[in-house]
Amino acid sequence: LTGTHREIPEAEIGYVLIAGLTVSVAVILIGILGYAVQSGGSSIEYTAGWQMTGPDFFAYLWNLLVSLSLSQSPVATMSLGVVLLMLTSYVRVLATAVVFAFSKSAKYTLISLLVFLLLTLTLVTH
Amino acid sequence: MIDILTILLLALPVGVVGALTGLGGGSILIPILVAFGVPVKYAIAASMVSIIATSSGSGASSLREGITNVKAGMYLAVYTVIGAVVGATASNYLDPRILYFAFAAFLLTSFLGLRQHLREEVPAQRPQEGLAAWLELEGRYHDRSMKKDVEYKMHRPLLAGAGMFVAGIAAGLLGIGAGAFKVSIQESVLRMPAKVSSTTSNFIIGMTALAGASVYFSSGLLYVSLAAPMAVGSALGAVLGGRVINRLPNRGLKAMFLVVVAYLIVQMLYKGFTA
């Protein structure tokens, strides 16, 4: 066991994390830079425009995508980056189930799908 | 007043510590932000995003090295996610002061238990019982600091599951990642090596924090002005921590973890007395 890709099937989950993390951090940084250029600083605000709120996670994501299609504000870009980061954590559970399915581990495919279902219920109902 | 860049820079070292110890880093970052004038409820909500970033950043490196035990992580995640939902739901009915004292006592017990194994680089091997064997709770990784492959077997999965359920309740109730509880259970009950425990805790903590963060969407306490720089700083710090963890000795990681747990015990007791 030397830590190479071929010998560790779970390494595929690591690649999902790297991809998600790189994209989300890049989007957040674009938003932060855009805000710094637009406002001439990087002060913290606690106003409604900075709030990430909605009936649930997916509703917020949908509203965010609609607002971004109308105007590419730096705050909405930052919010998109944060949501992409959260989605990465969600998708990697599904990726884990797929990795176990390919490894022919029915037991852990079912356990991973159970966790995915629990997380989906949490994201939908809160 | 604190600005976005300062928060990003503060979150960076917390991400490194989080990746090395298996703690999300929320318990360290929240008091720092509060000291800079950030309202505590906003700091707690944003710390959930920071924990997710630490989890992903750490996992990006440790999964590829084969240190994280994904099977154990998914098995334990079932308990901790259910616990987090129960905790978040029960938070309206329970007095948090009792919980702070209860968890301070739990951490103190873990502290004393883990201290006994401080000199142990890797837990001694012993035969596995039936359920642990059926769940395939074992693993092997190449330890760069020891320059050899390390094999290990885990034990008492039901007791560990019960502990993880309680850790999930703590996370949901108190708005923390509860990484200290998870690492303690994994090392004391399951008998995971320290590196495997830290990285597996980080793997699980991202899922628990996602369940926790979703609660804050409906509460309106989550501000992107805090969450965005905390996410970037924590993620970059955790990637760095995830890259160096395999080069550090298990004993060193345990010692670092115990220092943070001692700090958390004091923090829990303080909150219990002042809540």
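Atoms considered below: every heavy atom in the structure, side chains included; atoms not considered: hydrogens, waters and symmetry mates. Proteins come first, then strands; the chains are lettered A, B, ... in the order of their sequence lines, and each starts at number 1.
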Q | Side-chain (A:Tyr108) to main-chain (B:Leu135) donor-acceptor, under 3.5 angstrom | A |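 It does hold such a pair.
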Q. Which answer fits A:Tyr60, side chain, backbone, both or neither, if we ask what part of it has an atom under 4.5 Å from a heavy atom of chain B?
A.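 When you check distances to chain B, only side chain atoms of A:Tyr60 fall under 4.5 Å.
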Q.
Taking every non-hydrogen pair under 4.5 Å, which of A:Leu114, A:Thr88, A:Leu119 racks up the most with chain B?
A.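 Most heavy-atom pairs within the cutoff with chain B belong to A:Leu119.
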Q) Between B:Lys71 and A:Phe100, is any pair of side-chain heavy atoms under 4.5 Å apart? A)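 B:Lys71 reaches A:Phe100 side chain to side chain.
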Q | Per-residue contact mode, B:Tyr42 against chain A (heavy atom under 4.5 angstrom) | A |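 Only the side chain of B:Tyr42 comes within 4.5 Å of chain A.
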(Q) For B:Val49, which atoms come within 4.5 Å of any heavy atom of chain A: side chain, backbone, both, or neither? (A)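 Answer is both: backbone and side chain atoms of B:Val49 are under 4.5 Å from chain A.
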Q: Examine distances only and state if a side-chain atom of B:Arg64 and a backbone atom of A:Ile13 form a donor-acceptor pair shorter than 3.5 Å.
A: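 Pair absent, no side-chain N/O of B:Arg64 close to backbone of A:Ile13.
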Q. side-chain contact (heavy atoms from CB on, under 4.5 Å) between B:Met74 and A:Val93: does it pass, once the steps are laid out?
A. CA-CA 9 Å; B:Met74 292 315 291; A:Val93 182; 3.8 Å; yes
Q: Could you tell me which of A:Ile32, A:Ile44, A:Thr53, A:Leu17 has the largest number of non-hydrogen atom pairs under 4.5 Å with chain B?
A: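 Top option by heavy-atom pairs under 4.5 Å: A:Ile44.
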Q) Okay, side chain of B:Ser225, backbone of A:Glu45: is any donor-acceptor separation there less than 3.5 Å? A)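 Yes, because the side chain of B:Ser225 sits within donor-acceptor range (under 3.5 Å) of the backbone of A:Glu45.
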Q: Any chance you could measure B:Tyr223, atom OH, to A:Tyr46, atom OH, to the nearest 0.5 Å?
A: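 Answer rounded to 0.5 Å: 9.0 Å.
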Q | Other residues, nucleotides, ligands: >12 heavy atoms within 6.0 Å of A:Phe58 CZ | A |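 More than 12 within 6.0 Å, yes.
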Q: Can you measure from CG (B:Leu210) to CE (A:Met86) and round to the nearest 0.5 angstrom?
A: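 The distance works out to 5.5 Å.
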Q: Output the option from A:Thr96, A:Leu85, A:Val16, A:Val75 having the highest count of non-hydrogen pairs under 4.5 Å with chain B.
A: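 The answer is A:Leu85.
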Q: State the CZ-OG distance between B:Phe203 and A:Ser89, to the nearest 0.5 angstrom.
A: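 The CZ atom of B:Phe203 sits 9.0 Å away from the OG atom of A:Ser89.
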Q) Among B:Leu226, B:Asn246, B:Val81, which residue forms the greatest number of heavy-atom pairs with chain A at distances under 4.5 Å? A)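 The answer is B:Leu226.
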(Q) Quick check for you: to the nearest 0.5 Å, what is the distance between A:Leu29 atom CG and B:Leu8 atom CG? (A)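 Taking CG in A:Leu29 and CG in B:Leu8, the distance rounds to 7.0 Å.
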Q | Residues of residues 230-240 of chain B with any heavy atom under 4.5 Å of a heavy atom in chain A | A |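 Answer by number: B:Ala231, B:Val232, B:Ala235, B:Val239.
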Q: Quick one: which of B:Asp3, B:Thr68, B:Leu221 has the most heavy-atom pairs under 4.5 Å with chain A, could you say?
A: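 Most heavy-atom pairs under 4.5 Å with chain A: B:Asp3.
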Q) chain B heavy atoms under 4.5 Å from A:Gln51: which part of the residue, side chain, backbone, both or neither? A)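 Both parts, heavy atoms under 4.5 Å.
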Q: Would you indicate whether the side-chain heavy atoms of A:Tyr35 and B:Ile4 approach each other to under 4.5 Å?
A: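 Yes - at least one pair of side-chain heavy atoms lies under 4.5 Å apart.
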Q | Nearest atoms (heavy-atom pairs only) where A:Ile18 meets B:Ala60 | A |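 What the structure gives for the nearest pair is CG1-CB, 3.5 Å.
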Q. By a 4.5 Å heavy-atom criterion (distance strictly below it), what part of A:Tyr90 contacts chain B: side chain, backbone, both, or neither?
A.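 Backbone plus side chain of A:Tyr90, per the 4.5 Å heavy-atom cut-off to chain B.
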(Q) Could you check whether any side-chain N or O of A:Lys107 sits under 3.5 Å from a backbone N or O of B:Trp134, counting only pairs where one atom can act as donor and the other as acceptor? (A)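 Present.
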Q: Side chain from CB out, backbone as N, CA, C, O: work out which of these in A:Ser24 comes under 4.5 Å of a heavy atom of chain B, or both, or neither.
A: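 Neither; nothing under 4.5 Å.
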Q) Which atom pair, heavy atoms only, marks the closest approach of B:Gly206 to A:Arg92? A)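 So the minimum-distance heavy-atom pair works out to CA-NH2, 3.4 Å.
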Q.
Show the nearest heavy-atom pair for residues A:Val115 and B:Ala77, with the distance to one decimal.
A.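 Shortest heavy-atom separation between A:Val115 and B:Ala77 comes out as CG2-CB, 4.1 Å.
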